[in-house]
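Sending over a structure as structure tokens; questions will come in a sec.
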Amino acid sequence: QVQLVESGGGLVQAGGSLRLSCAVSGRTFSSYAMGWFRQAPGKERQFVAATSRTGLSTHYTDSVKGRFTISRDNARNMVYLQMNSLKPEDTAVYYCAAGRTINYGYSVKVVDEYDYWGQGTQVTVSS
């Protein structure tokens, strides 16, 4: 059983920053592509960012490019999402996800392509 635990969410003013962390259990962390998704009330869960198994490749949804950075530390089984210049529209529950078979391309954006999910952490950005 693989468990993912997100942390680092909270309340921040527009223009501020937060860093989300995701701790992943198990011995096979480096075999997973990792992604961050978010879900606002009444909305579908949407792709935010993803990183390859080595961390050398990253993907972002257009609305966060230049503001968010995804990274991973395979030695510590950790994935991070650094969020800068936050906007009220970034408000959502943020979820960490791991995928066994995801490769570079469209599939990194697809919820159903991921195998394991965390419980989510709330990010609220005030104006």
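Please read all numbers here as calculations on a predicted model, not as lab measurements. The residues of the chain are indexed from 1 along the displayed sequence.
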Point to revise | Check against side-chain contact (heavy atoms from CB on, under 4.5 Å), E113 and V108 | key: CA-CA 7 Å; E113 293 290 337; V108 305; over 6 Å; no
Exercise for review: Under the side chain to side chain donor-acceptor pair (under 3.5 Å) rule, collect the residues that match up with D62, sequence neighbours excluded.
Suggested key: K65
Exercise for review: Apply the side chain to side chain contact (heavy atoms under 4.5 Å, CB included) test between Y94 and each candidate in Q39, E6, Q122, R38; give the one that qualifies.
Suggested key: R38
Point to revise | Shared hydrophobic cluster for L4 and I102 (ILVMFWY, side-chain gaps under 4.5 Å) | key: no
Point to revise | Pairs involving residues 41-72, ordered by first then second residue, that meet disulfide bond (SG atoms under 2.5 Å apart) (sequence neighbours left out) | key: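 Every pair satisfying disulfide bond (SG atoms under 2.5 Å apart) with a residue in residues 41-72: there are none.
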Review point. Quick one: CE on M34 to CG on N74, what's the gap to the nearest 0.5 Å?
Key: 9.5 Å
Practice item. Side-chain contact test, heavy atoms from C-beta onward, threshold under 4.5 Å: evaluate it for V48 versus V64 and give yes or no. Key: yes
Exercise for review: Supply the atom-to-atom distance D73 CG to S30 OG, rounded to the nearest 0.5 angstrom.
Suggested key: 11.5 Å
Review point. Partners of R100 by salt bridge (Lys or Arg N to Asp or Glu O under 4.0 Å), sequence neighbours excluded?
Key: D115
**Study point:** Any pair counted as disulfide bond (SG atoms under 2.5 Å apart), so long as it reaches residues 41-72, sequence neighbours left out
**Key:** none
Point to revise | Backbone of R72 reached by a side-chain donor or acceptor of R76 within 3.5 Å | key: no
Check your understanding: Considering residues at least two apart in sequence or located in another chain, which fulfil the salt bridge (Lys or Arg N to Asp or Glu O under 4.0 Å) criterion with R53?
Key -> none
Exercise for review: Mind jotting down which residue pairs meet the ring-ring contact (aromatic ring centres under 6.0 Å, His included) criterion with at least one end in residues 12-40? Sequence neighbours excluded, please.
Suggested key: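 ring-ring contact (aromatic ring centres under 6.0 Å, His included) check on residues 12-40 returns Y32-Y116, F37-F47, F37-Y114, F37-W117.
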Point to revise | Residue pairs passing the disulfide bond (SG atoms under 2.5 Å apart) test where at least one lies in residues 2-99, sequence neighbours excluded | key: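 Qualifying pairs, neighbours excluded: C22-C96.
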**Study point:** ring-ring contact (aromatic ring centres under 6.0 Å, His included) contacts in which one or both residues fall within residues 57-87, not counting sequence neighbours
**Key:** H59-Y104
**Study point:** For T101, side-chain contact (heavy atoms from CB on, under 4.5 Å) partners two or more places apart
**Key:** none
Check your understanding: Given a cutoff of under 4.5 Å between side-chain heavy atoms of I, L, V, M, F, W and Y, with clusters grown through shared members, what are the other residues clustered with Y106?
Key -> V110
**Study point:** Heavy-atom side-chain proximity of V125 to E89 below 4.5 angstrom
**Key:**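 No, too far: nothing below the 4.5 Å cut-off.
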**Study point:** T91 and V123, any side-chain heavy atoms less than 4.5 Å apart
**Key:**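 Result no, sub-4.5 Å side-chain heavy-atom pair not found.
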Practice item. Could you note down all residue pairs passing disulfide bond (SG atoms under 2.5 Å apart) where residues 24-87 supplies at least one of them, sequence neighbours left out? Key: none
Review point. Could you state the interatomic distance from CD (Q119) to CD (Q3), rounded to the nearest 0.5 Å?
Key: 10.0 Å
**Study point:** S127 versus P88, closest heavy-atom pair with distance
**Key:** CB-CG, 3.9 Å
Review point. Okay, side chain of T51, backbone of S57: is any donor-acceptor separation there less than 3.5 Å?
Key: yes
Practice item. Would you check if V2 and V24 make a side-chain contact, meaning some heavy-atom pair closer than 4.5 Å? Key: yes
Review point. Do K109 and Q46 have side-chain heavy atoms sitting under 4.5 Å apart?
Key: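 Contact flag for K109/Q46 side chains = no.
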Check your understanding: What side-chain hydrogen bond (donor to acceptor under 3.5 Å, both in side chains) pairs are there with at least one residue in residues 7-27, not counting sequence neighbours?
Key -> S17-N84
Exercise for review: For L86 and L18, run side-chain contact (heavy atoms from CB on, under 4.5 Å): C-alpha distance rounded to whole Å, both residues' side-chain angles, the deciding distance at 0.1 Å, then the answer.
Suggested key: CA-CA 8 Å; L86 282 161; L18 285 173; 4.2 Å; yes
